Each structure stands twice: as C-alpha cells, then as structure tokens.
Colleague: 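Below is a structure I'd like to ask you about.
We number each residue from 1, following the sequence as shown. Note: hydrogens, waters and symmetry copies are ignored here, and every other heavy atom, side chains too, is used. If you're wondering where the values come from, they're calculated on a predicted model, not measured in any experiment.
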Amino acid sequence: MTPFHLRRALVAGLLAALASFAPARAQTLDKVTFGTNWVAEAEHGGFFQAVADGTYKKYGLDVTIVPGGPNENNRMLLIAGKIDFFMAANTLMSFDAVANNVPVITIAAIFQKDPQVMLTQPDAKVAKLEDLKPLTLFVSKEGMTSYFQWLKSEYGFSDKNVRPYNFNPQPFIANPKSAMQGYVTSEPFAVEKAAGFKPKVLLLADYGFNTYSTLIETRREIVEKKPDLVQRFVDASMIGWYNYLYRDNSAGNALIKQLNPEMTDDLLAYSVVKMKEHGIVDSGDSLKNGIGAMSDERYASFFNKMVKAGVVKADLDYRKSYTLRFVNKGVGVELRPNKP
C-alpha cells in the first residue's frame, strides 16, 4: 500500500470511529415543559433539583418548569397543548377530569400523603381529630367541598362551627378555641413565626384521608404517542426527589429562590424536615416501589370514601383517571438512606 493509500485508510478509519461516537455527542434533548400548581417552593423541590443538578439532561430531556400562582392556570395550558406535564393537587382533580371528559391522565403520585392538616393552639385540649368538633373551624371554600365532606361522613363533623379561611392566620391566632386548616410543610411554620407558639398539628392523612397529592398529569395523547418520553420524565423526576430529600439539595433550593425570592432558607429547610418526618413523599408503597408509587387498591379506597361523602358519583369510572404503567419500578430506591 502506498503512503497515500495508507493515509487515506487511516483517515477513513478515524472518521468511522468518530462517527460511532457522534450520536452520543450530538444527542438532541427532547424539550419538555412542566407546569406546577403554585409558586416555586420546597413542596416542588424534586423537580427543581432534577433541573438544577442535570438529572433531566441525563435522561435526554431539556425541561422548563413553569411555576403556577394565584393568576395562573397551568392545567388549562396542559389541556390546550401548550405544556406537556402538569402538577395536580390531589386525586379529586383526577376524578373531576374523568367526570368532565378532560383528556388528561395521572402518571405518578409524588406525595403518598396529602399534607393537609388542622392546627390548634397549644392550650386547646385536642388529642385526636374528633376533639376538633366543638372548636371554631377555619376552612377554605375548596376545603369545604373536599376534605370537610369526608370529615362529616367519617367523623360526624357539622358545618355549624365553620368559618371562612382566607389564608390569613390572624383570626386563628386571636381565638384560642379555634382550629385552622393548612399544610404541614408551611402553615405551622408561619403561625409560630407570627404568634410565637408551636401549634398542635393533626395530619388528616393519618386519620384516613388517603388521597394522593402532587400528582403528575399529562395528556392521553402523549402517553399513547410518546411513552418513552413519559417514562424518562417520570424516572428523572423520581431521581430528583430522592436527591432533594436525602442528598445535597442546595442546587434545587437555589433555583427555587431564584424563581420565588420570597422563599427563605429557614422555610425551605423546615418544609423538607416535615416532608421526611411525616412521610409525605416517601412512605407506604413508595418504600418498596419507589417515589411516585400508586396502586389500584389505594385509588379504590379513596374513591369509595369520596362516594360515601357525596363528593363524587358512584358511577364514575375513576379507573380512567390514572395509569400504573410508568411507576412502581423501584427507580431511585437505592438513593434512600437506610432510615427514610
């Protein structure tokens, strides 16, 4: 072989070798938009962590998170095809979608326990949920149509002592014989800062209000046409949540504070502690099946409770509201410390 032919053969071999690596180097990330249901906060931390630490990119995704807020309706953007995934508040939203023929479906449940609580003052003689009945109860309009109907059917509560809750803790602070709704991850912190006392906290999930919370929804057409993309988004999100809860979450928190300057380090730390302490994200089925776990049995149980409470109709085909196709695979469980 002449030197010319030798050089040409070497060049051809080099080009062939480079070509074999080209797909990995020139990989095009799939652009994905995820809308949350509120402003950036620790309760969304795993998603922001997955953006900030590059987890989504490792799964071939370029994810943009669109925060929600009082004047935003990201679920409508999902339905209209403007975003790809949405964070739904709880299972009742999924049931409502079926009832109204909205073409969305739940693909994962980040919170195994709904963070809904009732708060009382330290001096109130409250040891269990039933002890709230004689108190003035500050409940939101949304609460009256959801968990309070369950309190009525399961525990015999009545409307007579209910007063409107407008997301201001002052009426509760001023009345020692009252109870106020809230989230275990935020309102107890706010009350302690404002009033100087630690309120007693009753988590409704521990008394049988077993809705899933912080769900991931997408359109049915995306599940049908892009199942691989859906699986990658779910898997990467779960990894993000393990990293946010159990590892260095400074990158996720920095992104949260960038999008929501009112968020403080103290509140972020408090929220993470409470999510772990109460098993909001990682408990029950998720301990074996991974964060995001769901089950047919859990859906059936909650549906029956809501039928009994008169919140949903008994003939609703609630099974259309979710799919187990993308969860219960143990993704990320190795990242959990021995004691969750």
Colleague: Checking K177 against Q121 for the side-chain hydrogen bond (donor to acceptor under 3.5 Å, both in side chains) test, could you report, in this order, the C-alpha distance in whole Å, the side-chain angles of both residues, the deciding distance, and whether it holds?
Modeller: CA-CA 8 Å; K177 294 184 178 180; Q121 295 201 21; over 6 Å; no
Colleague: Measure the shortest side-chain to side-chain distance between P169 and F138 over non-hydrogen atoms and say whether it is less than 4.5 angstrom.
Modeller: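 They are not in side-chain contact.
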Colleague: Establish, yes or no, whether a centroid distance under 6.0 Å links the rings of Y322 and Y212.
Modeller: no
Colleague: Between L135 and Y207, is there shared hydrophobic-cluster membership here, with clusters defined by ILVMFWY side-chain heavy atoms closer than 4.5 Å?
Modeller: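 Yes: a chain of side-chain contacts under 4.5 Å links L135 to Y207.
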Colleague: Using distance alone, with no hydrogens and no angle criterion, decide if D285 and N289 have a side-chain donor and acceptor under 3.5 Å apart.
Modeller: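 No donor-acceptor contact under 3.5 Å links the two side chains.
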Colleague: Just wondering, do F86 and N37 contact through their side chains at under 4.5 Å, heavy atoms?
Modeller: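 Answer yes - side chains close enough.
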Colleague: Check the pair T214, E43 against side-chain contact (heavy atoms from CB on, under 4.5 Å), reporting the backbone distance first and the verdict last.
Modeller: CA-CA 8 Å; T214 308; E43 292 87 336; 5.7 Å; no
Colleague: Indicate yes or no: does E262 engage K257 in a salt bridge with an N to O separation below 4.0 Å.
Modeller: no
Colleague: Are L287 and R336 packed together at the side-chain level, in the sense that at least one heavy-atom pair is separated by less than 4.5 angstrom?
Modeller: yes
Colleague: Please check if the side chain of E187 supplies one atom and the backbone of Y183 the other of a donor-acceptor pair under 3.5 Å.
Modeller: yes
Colleague: In terms of relative ring orientation, are Y318 and F303 parallel, tilted or perpendicular, with 30° and 60° separating the classes?
Modeller: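 Parallel, since the angle between the ring planes stays under 30°.
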Colleague: Are T218 and D84 linked by a side-chain donor-acceptor pair shorter than 3.5 Å?
Modeller: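 No.
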Colleague: Decide whether V162 and W150 are clustered together by the hydrophobic rule: side chain heavy atoms of Ile, Leu, Val, Met, Phe, Trp, Tyr closer than 4.5 Å, transitively.
Modeller: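 Linked within one cluster.
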Colleague: Does the D131 side chain pair with the main chain of A127, one donor and one acceptor, at a distance under 3.5 Å?
Modeller: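 Flag set: sc D131 to bb A127 pair under 3.5 Å.
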Colleague: Tell me whether the count of non-hydrogen atoms from other residues, nucleotides or ligands lying under 6.0 Å of NZ in K226 goes above 12.
Modeller: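 Atom NZ in K226 is not packed in, count stays at 12 or less.
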Colleague: Before accepting this row, confirm whether a basic side-chain N of the pair D30/R232 lies closer than 4.0 Å to the acidic partner's carboxylate O.
Modeller: yes
Colleague: Using every non-hydrogen atom in the two residues, find where M294 and A109 come nearest and quote the distance to one decimal.
Modeller: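 Closest approach of M294 to A109, heavy atoms only: CG-CB, 3.6 Å.
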Colleague: With side-chain contact (heavy atoms from CB on, under 4.5 Å) as the test, would you mind laying out the steps for K198 and F189 before giving the verdict?
Modeller: CA-CA 8 Å; K198 288 187 177 182; F189 179 89; over 6 Å; no
Colleague: Quick one: does N73's side chain get under 4.5 Å of R75's, heavy atoms only?
Modeller: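 Yes, at least one pair of side-chain atoms sits under 4.5 Å.
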Colleague: Verify, without hydrogens or angle tests, whether Q116 (side chain) and G182 (backbone) share a donor-acceptor contact under 3.5 angstrom.
Modeller: yes
Colleague: Taking atom types as modelled, find out whether T211 and T91 have a side-chain donor-acceptor pair closer than 3.5 angstrom.
Modeller: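 Distance-only check passes for T211 and T91.
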Colleague: Locate the shortest heavy-atom distance separating P188 from V201; write the atom from each residue and the value.
Modeller: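 So the minimum-distance heavy-atom pair works out to CG-CG2, 3.9 Å.
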Colleague: Could you verify whether a donor N or O on one side chain and an acceptor N or O on the other, from S94 and T106, lie under 3.5 Å apart?
Modeller: yes
Colleague: Calculate, to the nearest 0.5 Å, the distance between atoms OG and NZ belonging to S186 and K274 respectively.
Modeller: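 Those atoms lie 12.0 Å apart.
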Colleague: Any link between F111 and M93 through a network of hydrophobic side chains (Ile, Leu, Val, Met, Phe, Trp, Tyr) touching at under 4.5 Å?
Modeller: no
Colleague: Any chance you could measure D235, atom CG, to T55, atom OG1, to the nearest 0.5 Å?
Modeller: 11.5 Å
Colleague: Taking A179's backbone N and O only, do any of them form a donor-acceptor pair with T120's side chain (distance below 3.5 Å, no angle check)?
Modeller: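 Not a single qualifying donor-acceptor pair exists.
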Colleague: Please report the C-alpha distance between I83 and F34 in whole Å, then the side-chain angles of each, then the deciding distance to 0.1 Å, and finally whether the side-chain contact (heavy atoms from CB on, under 4.5 Å) criterion is met.
Modeller: CA-CA 6 Å; I83 63 176; F34 174 60; over 6 Å; no
Colleague: Would you confirm whether E217, through its side chain, and I107, through its main-chain N or O, come within 3.5 Å as a donor-acceptor pair?
Modeller: no
Colleague: Do the side chains of M76 and M87 join up, straight or via other hydrophobic residues, at under 4.5 Å, putting them in one cluster?
Modeller: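 As far as the 4.5 Å side-chain criterion goes, M87 and M76 are not connected within one cluster.
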Colleague: Could you list the residues that satisfy side chain to side chain contact (heavy atoms under 4.5 Å, CB included) with A108, not counting sequence neighbours?
Modeller: I216, V234, M238, V327
Colleague: Taking side chain to side chain contact (heavy atoms under 4.5 Å, CB included) as the definition, give me every residue that meets it alongside V98, ordered by chain and number, with sequence neighbours left out.
Modeller: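 With sequence neighbours excluded, V98 shows a side chain to side chain contact (heavy atoms under 4.5 Å, CB included) to L316, K320, S321, given in chain and number order.
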Colleague: Would you say that K276 contacts Y246 through its side chain, given a criterion of any heavy-atom pair below 4.5 Å between the two side chains?
Modeller: yes
Colleague: Look at the aromatic rings of W241 and Y244 and report parallel, tilted or perpendicular, splitting at 30° and 60°.
Modeller: perpendicular
Colleague: Is a donor from one side chain sitting under 3.5 angstrom from an acceptor on the other, for Y242 and D282?
Modeller: no
Colleague: State, to 0.1 Å, how close K133 and N161 come at their nearest heavy-atom pair, and which atoms those are.
Modeller: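 Looking at all heavy atoms of both residues, the closest pair is O-ND2, 2.9 Å.
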Colleague: When you compare the side chain of L137 with that of S178, does any pair of heavy atoms fall below 4.5 Å?
Modeller: no
Colleague: Applying ring pair (Phe, Tyr, Trp, His ring centres under 6.0 Å), run through F233 and Y59 and close with a yes or a no.
Modeller: CA-CA 8 Å; F233 181 75; Y59 280 76; over 10 Å; no
Colleague: Check whether any side-chain heavy atom of P115 lies under 4.5 Å from a side-chain heavy atom of M275, and answer yes or no.
Modeller: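 No - every pair of side-chain heavy atoms lies 4.5 Å or more apart.
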Colleague: Between R219 and P103 (side chain of the first, backbone of the second, donor and acceptor by atom type, cut-off under 3.5 Å), is there such a pair?
Modeller: no
Colleague: Distance only, no hydrogens: is a donor on one side chain within 3.5 Å (strictly under) of an acceptor on the other, for Q181 and S140?
Modeller: yes
Colleague: Can you find a heavy atom in the side chain of L203 that is under 4.5 Å from one in the side chain of I280?
Modeller: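 A side-chain contact exists here, since the closest heavy-atom pair is under 4.5 Å.
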Colleague: Taking atom CZ of R220 as the centre, report whether more than 12 heavy atoms of other residues, nucleotides or ligands fall under 6.0 Å from it.
Modeller: yes
Colleague: Is the distance from the ring center of F167 to that of Y165 below 6.0 Å?
Modeller: yes
Colleague: Could you walk me through whether N90 and L215 pass side-chain contact (heavy atoms from CB on, under 4.5 Å), step by step?
Modeller: CA-CA 6 Å; N90 55 48; L215 312 172; 5.6 Å; no
Colleague: Write down the atom of T185, the atom of Y270, and the distance for their closest heavy-atom approach.
Modeller: O-CD2, 3.6 Å
Colleague: Looking at S286 and V333, what are the two nearest heavy atoms and their distance?
Modeller: O-CG1, 4.4 Å
Colleague: What orientation do F302 and F209 show, parallel under 30°, tilted 30 to 60°, or perpendicular over 60°?
Modeller: perpendicular
Colleague: Hydrophobic cluster membership, with links at side-chain heavy-atom distances under 4.5 Å among I/L/V/M/F/W/Y: are F197 and V117 in one?
Modeller: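 Both belong to a single hydrophobic cluster.
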Colleague: Heavy-atom count around K152 NZ within 6.0 Å, excluding the residue itself: above 12?
Modeller: yes
Colleague: Is the shortest distance from a Lys or Arg side-chain nitrogen in K128 or E130 to a carboxylate oxygen in the other one below 4.0 Å?
Modeller: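 Salt bridge absent between K128 and E130.
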Colleague: Is there a donor in the side chain of T264 and an acceptor in the side chain of D266, or the other way round, less than 3.5 Å apart?
Modeller: no
Colleague: Does R298 reach the main-chain N or O of N210 with its side chain, forming a donor-acceptor pair under 3.5 Å?
Modeller: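 Side chain of R298 to backbone of N210: a pair is present.
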Colleague: So, Q112 side chain and A293 main chain: donor-acceptor pair closer than 3.5 Å or not?
Modeller: yes
Colleague: Salt bridge or not between E154 and K308? Use side-chain N to carboxylate O under 4.0 Å.
Modeller: yes
Colleague: Quick check: closest heavy atoms across A97 and V104, and the distance to 0.1 Å?
Modeller: CB-CG2, 3.7 Å
Colleague: Kindly say whether L92 contributes a backbone atom to a donor-acceptor pair with the side chain of D96 at under 3.5 angstrom?
Modeller: no
Colleague: Below 4.0 angstrom, N of the basic side chain to O of the carboxylate: do R247 and D53 qualify?
Modeller: no
Colleague: Using the rule side chain to side chain contact (heavy atoms under 4.5 Å, CB included), only one of V63, V230, T64 pairs with V32; which is it?
Modeller: V63
